[in-house]
Amino acid sequence: MTVKTRFAPSPTGFLHIGGVRTALFSWLYARHHGGQFVLRIEDTDRERSTQAAVDAILEAMEWLGLHHDEGPYYQTRRMDRYRELAEQLLAAGSAYRCYCSRDELEQMRAAQMARGENPRYDGRCRGRQNPVAGVSSVLRFRTPQEGVTVVDDLVRGRVEFRNAELDDLVIMRSDGTPTFHFGVVVDDGDTGITHVIRGDDHLNNTPRQMHILDALGFARPAYAHLPMILGPDGAKLSKRHGAVNVLEYRDAGYLPDAMLNYLVRLGWSHGDQELFSREEMIRLFDIAAVNASASRFDTGKLDWINQQYLRAGDPEALAPGLVSQLDRAGLDVRRGPHAAAVIEAYRERATTLGDIAASAGYLYAEPARVDEAAVGKHLTAAIAGPLRLLTTRLAGSPDWTREGIHAAMAAVAQECGIGFGKLGQPVRVAVTGGTVSPPIDVTLELLGREKTLERLSRAITRLP
RNA sequence: GCUCCCUUCGUCUAGCGGUUAGGACGCGGCCCUCUCAAGGCUGAAACACGAGUUCGAUUCUCGUAGGGAGCGCCA
């Protein structure tokens, strides 16, 4: 049997972190087993579904490289199929029409809660023979009322549900559209999904879906319910925890592989290994090694992983990403060094491409802000001599390489009887406006002779 | 309220009856050093609680507590 998994987001908003992790695990499982990965858009909620959300989901999946082999399927395009199977269930007696009003149902639930019971539909329309005139009906599934339904979950093990706890859920709305449970079951059945990998918020829904699957004659897929991803404070992940939309991480300069690497370790592990390439993830991923407990989305580790990828990546391949970050910061890459060179110089001291753009701006334009305290401390009258000498030497040096620059600086420092650092830091402040940058020789090489001499000279004229 | 799920350092986790409870991020210290990083060494830091099973429980069982999810004509 060929493994077939699916990711089925509803387009009611952007793709969030938790959804991505679910998509990743489904994708990994399919890839690991040489199977198929299906993308399905669950857009039966016409009120809340938007094309913009669909686009955002597709864009995020593309960015992350979580490519699907089939789909995307759209539930709104399969309405005839749902109606067909609903009719089939109705004819077989597995479903029945319910004419209860929303008010009536609400009162019923309130009464049940007051009695300390599990609020659920009491089946009052189960035996109804005739339609109620003038009242639109919904279709309810006739859930078995006795017995136990067992879910052999791949991550949680055996979970039992007493059918008596379950109620007759609505499968077709009064407007003739299918509800979530019905759409899921029909689509999973029709597309031959073998493994349903989803968030554990669906664990309680599973026995109901299994019953519908049975009634429709579809084989039951295997289930794996993934633990939730919570916010850093242990509460449900939401906007107030900061960025939960994956695309925001792309925009901040995180790398897709780093994102995947971070997410795969939330709930899954392979011994002590922390870093996994895509290929390794696929090769090593094992649903049996997935954790049952919820984890927190804490970006500290993400930052570290992102830097690992930044440091290990090919600068040329990473360059376009930095260029877009520079654009975002209003900087023109043509007015400074090649992006790949900047990445090489900065990647040991940055966590994201966004960080690099933020700290390397002086290479493309005048320093955005000058650290006055640093100026006061390092650009003193005493440094005038060494700085003048250095300016002269750099102006006359035959080439413009870090080695040549370093030699010139070392010579000037020695001739002036000061340590390298006593010269390096003033130069750094003069050309970058701050106290932090890559090694000063590398910094100057990147900056270029013209800008370096210009900024050095200007700093000298401003010395006290 | 009812049903279901979960519980190892602050965080992510290893562990699958006997370990000085391991690793990683973060944090502290030292080293290296032109700044910041990176790197090396090093330190602090956890089995929620209570019973039971067992020669022996972090590990198995049951409670308790805490957390989460579900209980819609939302998905």
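Chain letters run A, B, ... following the sequence lines, proteins first, then strands; residues in each count from 1. Not measured: the values here are computed from a predicted model.
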Nucleotide forming a Watson-Crick or wobble pair with B/U20, both distances under 3.5 Å: none
Complementary nucleotide for B/A51 - Watson-Crick or wobble, under 3.5 Å: B/U61
Under 4.0 Å between a side-chain N/O of [X] and OP1 or OP2 of [N], yes or no?
{"X": "A/R156", "N": "B/C4", "result": "no"}
{"X": "A/N205", "N": "B/A75", "result": "no"}
{"X": "A/T44", "N": "B/A75", "result": "yes"}
{"X": "A/R109", "N": "B/G72", "result": "yes"}

Point-to-point distance, once rounded to the nearest 0.5 Å, from CZ of A/R120 to CE of A/M113: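 Separation between the atoms: 14.0 Å.
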Gap between atom OG1 of A/T380 and atom NZ of A/K377 - 0.5 Å precision: 11.5 Å
Is a donor-acceptor contact shorter than 3.5 angstrom present between the side chain of [X] and the base of [N]?
{"X": "A/S295", "N": "B/C12", "value": "no"}
{"X": "A/R120", "N": "B/C2", "value": "no"}
{"X": "A/E106", "N": "B/G72", "value": "no"}
{"X": "A/D201", "N": "B/G70", "value": "no"}

Charged tip of A/R6 within 45° of A/F37 ring normal and under 6.0 Å: no
Ring-face cation contact, A/F25 with A/R21, 6.0 Å cut, 45° max: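 Positive - A/R21 is close enough to the ring of A/F25 and near enough to its axis.
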Sugar-phosphate only, base, or nothing, as touched by A/Q307 at under 4.0 Å among non-hydrogen atoms: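 Counting heavy atoms under 4.0 Å across all strands, the contact made by A/Q307 is with sugar-phosphate only.
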P spacing across the pair B/G70 / B/A57, given as an integer number of angstrom: 39 Å
Candidates B/G23, B/A38, B/G26 - which lies nearest the side chain of A/R311: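 Comparing B/G23, B/A38, B/G26 against the side chain of A/R311, the answer is B/A38.
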